[in-house]
Structure formats: structure tokens, C-alpha cells
Amino acid sequence: MMRKRKGYPVYPLTAAQKFHIFYQNFCPKKEVLNIGTSLTIGTELDWAVLKQSVYKAYERCDAMRLRFAKDKEGTWYQYVVDKEERDIEFVDFSNGTMEEAQAEMQKWTQVPFKGQDTPMNRVVMIQMPDGFNGLYVLLDHKTADAQSLICFLKDVIQLYCSTKYEGVEPPKEMASYIEQLEKDLAYEAGSKAKERDEKFFQDLIDNSPEPIYNGIRGPQQLEEERRRSGNPNARAAINVSDSVDSALDIFHLEEEPTKRLMNFCEKYHVSLVCLLLMGLRTYFQKMNGNDDVSINTAIARRATLKEKKSGGTRIHSFPFRTIISEDKTFLEGIYEIRDLQNTYFRHANYDPVQYFAYRAQKYPHENGQTYEPMSLTYQPMTLQEKSLDLLGDIKYKTKWYPNGATTQAMYLTVMHRPEDNGLDFHFEHQVKAVSRDDLEYMYYYLCKIMFKGVENPNLPIGDIIKLI
């Protein structure tokens, strides 16, 4: 292993980073790891101060100065450079239409990063046709997740405001990426904690029967798989298509119904992700007639303040499997999910790739076969919390741009809208695997299940399924 590169100490990749490389290797479109977003504010901006604020935010966040390189054996490693000297571009879209501006930013989002010794992000100052101004940010998923992206944007805004406005405090220090990285690597190197987590997940797999695949449209995919393989008892199915081309379909839940869901969560001390998981698993239960449902769920691994503010990518994704019979009440189901989630959080540092490898040994199935029809991420963090209230009641907008590729059939990210805190359901899906009609149908029933359950938490799940 090289100790230094260009004078900087080098480090191996973490499990979270390797997971991204693992599926990028399968994907013909290397932009599959790109995350593109824009944040614009309904006011004139001082571009010189904004540019300085971006440089300052780079200085404060080592993860935004990450570089990657490959050694002779073809293994990737990482290092952090001292500063970003490249120019922060400025693009004026104000003479065109909003559609043209968004199409251009979508194009930017579909350009993969070179990867060897080059910056892994791009920041562009943008002036929009609707009079809003701000930033477009493109990141590589190996260096950031949604939370670290939001953290970086907040930092830029707070730096800008503390320079521009009297009496606005500069933001508190960010945390060190390298320090968290070293902790992750020490864990990977065979710590007691890792042994405990490995035992937890292996026991979970060993002590449960083989999971079963539940399709978005019902059991057809599994039945096809059984016919194709000649195995009438097959429980895994292929749900991806032969094309990684993806689309992003977004469904909006209004502010008032969102509040009803949030109030329910507060009253019963559960997180919104428990309610979403309950809604989704009940949908699959309704469509497939199975009490046994497995969905991939993302865990952010940012429990401590240092983890929250260190940037980088910390997401681990595991199958989340529940077996909940129809005679249990909606609330009992939710509590079961909450307890299991809490256990997962305690062991979430474990490498998901090792989890899948262990499960595949116990239940061998062909490449590409899966038990999970989809993945879920809930993004609780919003820009509202800290920084944008500094601007008074100036309006702002965020927009996510799809990179056009996914290796999963369907990936749902749920986040709060900046305007009213209502929920947006972002379904990224392979165009050939899941249609917009499928998603509309699923979203419609997901909402019906959640609202029926929230209004009647002591109703048995079977009754809810019948009533909707």
C-alpha cells in the first residue's frame, strides 16, 4: 500500500464507499453515482461573497476535497488535498426559460467524474429565469450522501449570511472527515464491535426461514421465475430489466396530510420511517398475500454530532424484513418495526456487502435474483432547521436532478419540501422494470394504508387491507 500520494497520506475505502464501487462496476453508465441538486433563493445575491463562501466551505469540509486513485493491483484508495483552487463557475440562465435551465443542469448531472486524482464535485453559481439565484452542486456518492450535501449547502449559506448581514453568527466548526474515516477503518480491521454486529446479522439470517419476493404488481414475477427455473418453490426473483436507464417520478403530499402523519408519529413516539415501512410492507402484503415482506432500507449512521458534521458518505443499506400477520393491529405492526429498527441502528456499522454474501451462501440463488422489490430512504434533514431562517422569510427552492441510471428496479427517497414541509416521494426506477402507472397505483394505496392506519391505529391489518 502506498503511504503517500502527491504528498498526502492515503487511506483505504470504507465499507460504505466500497458498496458504491461494487454496484458502479455492474453499471454501464458510470454516472450512476452522481447526485445533482440546486438550491436557489428569491433574492439578489452578491456573487463575489457567494464565491468566497463556497471556497471557505471547501476549506472547512475535508470530505469535499477528497481525491481517489488506484494502486497497481487496481484497488482504489483516497486522500484529502489541502485546498480547492479551481474556479467556481457562474452560469446565467436568466435569458432563457426554466425548462431550458433545468434541462441543462440535468445534463450536467449525467456527466461522470473522471475519478483518478480529480475533484469529485462541481459547484456552479446560477442565476435563474424566475428571479431566484443560488447554487447547483454535483457530488459523487463515494464522497457524500444527501445529509452531507445538505450540511455543505447550509454551511455555504451561513458563511454567506454572516459576511453579508450584521449580527449573524458565523457557523460552528465542521467535524473532521479523516477522524471518522479512521474510526470506520479501525472498526473494519476486526474490532469487538464488528464481531458483535456480524453475529447479530448472521443470527438474523440463520434463525429465519428463507425470505420471499413480493412484487409491486403482485406475485406474477415470482410465478414467472418458478416457471422459468422449473423450481415451484423458488422464493427469489429477478426484478431489474436489461437496461439501467432510469426516470425520476415525484409525488407530492400536501402540507396538511403530512402534518397528520407527523402528529401520529409524535403521539406514538415512532419515526416517520417506521410509518413509511409499515405502509409499504402492508401494500406488498395486500398485493401478494404474504405476511412476510422484505424491503431494503438505508441507515445514515450519523448518531453523534461529529458523524453528522463530518461529511462523506455513511449510508449502509440492509434488507429490512418483517413477518406481521393480518390479525395484528396497525399500531402493533408499527411498534414491531420500531423495535427492529432500533436493533438495526445498533449494528448498522456492519458491511452490507458481507451481509448479502452471507445470505447468498445460506440461500444460493442466481445472480440478479433478489427478495427485495425496492429500497427506501427517508431524509429528515432539511435546510429549514438552521440556516435559511437567517434570510428572514425569503423564499427558496431545492431541486434534485436524476442522473439517468440505476442498478435497482425501484428506489424511493422521501423528503420534506422547503416551501411547506410537505412530503415529496421521489421514485427513481428503471424505466423498463417499473412503469409510471405502477408507481401511481402503489403511491395511491400507500397513502390510503397510512391514513387509514393513522386514523384507526387499533384496526387489524387485515381489516385495513379490506377497507381500502
Side-chain angles (χ1 to χ4, degrees), residues 12-20 22-23 145 147 180-214 235-236 269-278 280-281 290-304 306-308 312-325 328 332-365 369-378 380:
L13 301 190
T14 63
Q17 290 173 316
K18 285 181 190 152
F19 187 60
H20 292 313
F22 169 74
Y23 66 81
D145 50 35
Q147 280 195 306
Q180 292 308 314
L181 173 65
E182 285 171 337
K183 274 190 187 159
D184 282 347
L185 295 171
Y187 169 91
E188 289 298 319
S191 59
K192 281 274 182 285
K194 185 184 174 180
E195 282 171 30
R196 277 198 305 275
D197 299 341
E198 181 161 54
K199 184 177 179 341
F200 165 76
F201 279 116
Q202 291 186 353
D203 287 351
L204 195 66
I205 293 166
D206 288 340
N207 299 329
S208 328
E210 186 181 2
I212 187 162
Y213 178 81
N214 291 280
R235 293 171 74 86
H269 306 288
V270 294
S271 66
L272 183 66
V273 86
C274 295
L275 182 53
L276 292 165
L277 282 166
M278 184 64 194
L280 289 165
R281 69 157 317 286
N290 294 324
D291 293 344
D292 184 347
V293 179
S294 193
I295 293 168
N296 284 320
T297 173
I299 299 176
R301 298 169 56 243
R302 293 190 190 272
T304 66
K306 281 190 167 174
E307 285 169 349
K308 284 186 172 82
T313 184
R314 300 194 58 75
I315 290 180
H316 281 183
S317 188
F318 297 98
F320 190 82
R321 178 188 188 184
T322 46
I323 303 174
I324 304 175
S325 63
K328 288 220 168 133
E332 285 172 328
I334 287 221
Y335 282 148
E336 211 165 298
I337 287 171
R338 179 188 65 182
D339 296 345
L340 184 58
Q341 268 245 303
N342 288 339
T343 321
Y344 266 54
F345 288 145
R346 285 201 291 280
H347 299 283
N349 286 325
Y350 189 60
D351 180 351
V353 178
Q354 290 181 330
Y355 173 101
F356 285 108
Y358 187 82
R359 188 173 76 172
Q361 261 176 346
K362 179 152 166 91
Y363 300 115
H365 47 257
Q369 288 188 343
T370 181
Y371 303 110
E372 286 78 33
M374 64 175 295
S375 292
L376 170 71
T377 301
Y378 167 56

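At least one side-chain heavy atom of Arg321 sits less than 4.5 Å from a side-chain heavy atom of Ile323. At a threshold of 4.5 Å between non-hydrogen side-chain atoms, the residues Ile299 and Ile315 do not count as touching. Side-chain contact check for Asn296 versus Met374: every heavy-atom pair is 4.5 Å or farther apart. Side-chain contact check for Leu376 versus Leu277: some heavy-atom pair is nearer than 4.5 Å. Between Thr322 and Ile337 the shortest side-chain heavy-atom distance falls below 4.5 Å. When side chains are defined from C-beta on, Thr313 counts as touching Gln17, because their heavy atoms get closer than 4.5 Å. For the pair Tyr335/Cys274, no side-chain contact is recorded, criterion being any heavy-atom separation below 4.5 Å from C-beta on. Contact check for Pro373 versus Tyr213: side-chain heavy atoms found under the 4.5 Å cut-off.
In terms of modelled atom types and a separation under 3.5 Å, the side chain of His316 and the main chain of Tyr350 share a donor-acceptor contact. A donor-acceptor contact shorter than 3.5 Å is absent between the side chain of Arg281 and the backbone of Leu276. At distances below 3.5 Å, at least one donor-acceptor pair connects side-chain atoms of Asp351 with backbone N or O atoms of Val353. Of the possible donor and acceptor atoms, one in the side chain of Glu307 sits under 3.5 Å from a partner among the backbone N and O of Ala303.
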Practice problem: Go through the steps for Lys194 and Asn349 under the test side chain to side chain contact (heavy atoms under 4.5 Å, CB included), then give the verdict. | Solution: CA-CA 8 Å; Lys194 185 184 174 180; Asn349 286 325; over 6 Å; no
Self-check item: Evaluation steps, salt bridge (Lys or Arg N to Asp or Glu O under 4.0 Å), between Glu336 and Lys328
Solution: CA-CA 10 Å; Glu336 211 165 298; Lys328 288 220 168 133; 2.9 Å; yes
Practice problem: Could you walk me through whether Glu372 and Arg359 pass the salt bridge (Lys or Arg N to Asp or Glu O under 4.0 Å) test, one step at a time? | Solution: CA-CA 13 Å; Glu372 286 78 33; Arg359 188 173 76 172; 2.9 Å; yes
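Listed by chain and number, the residues in a ring pair (Phe, Tyr, Trp, His ring centres under 6.0 Å) with Phe22 are Phe26 (sequence neighbours excluded).
Atoms CZ and OG, on Phe318 and Ser294 in that order, are 13.0 Å from each other to the nearest 0.5 Å. Note that CG of Asn290 is 4.5 Å distant from CG of Asn214, once rounded to the nearest 0.5 Å. Between the CG atom in Leu185 and the NZ atom in Lys183 there is a gap of 12.5 Å [rounded to 0.5 Å]. In this structure, CG on Leu272 lies 4.5 Å from OH on Tyr378, to the nearest 0.5 angstrom. Between the NZ atom of Lys308 and the CZ atom of Arg302 there is a distance of 9.5 Å, given to the nearest 0.5 Å. To the nearest 0.5 Å, atoms CD (Glu332) and OG (Ser325) are separated by 8.5 Å.
With Arg314 as the fixed residue, the side chain to side chain donor-acceptor pair (under 3.5 Å) test singles out one of Asp145, Asp184, Thr14: Asp184.
Closest non-hydrogen pair, Ala298 versus Thr377, comes out as CB-OG1, 3.4 Å. The two residues Ser191 and Ala186 make their nearest non-hydrogen contact at CB-O, 4.0 Å. The two residues Gly190 and Glu195 make their nearest non-hydrogen contact at O-OE2, 4.4 Å.
The list of side-chain hydrogen bond (donor to acceptor under 3.5 Å, both in side chains) pairs with a residue in residues 337-347, not counting sequence neighbours, reads Asp197-His347.
Taking the six-membered ring for Trp and thresholds of 30 and 60 degrees, Tyr363 and Tyr371 have ring planes more than 60 degrees apart, a perpendicular arrangement.
Within a 6.0 Å radius of NZ in Lys199, other residues, nucleotides and ligands contribute 12 heavy atoms or fewer.
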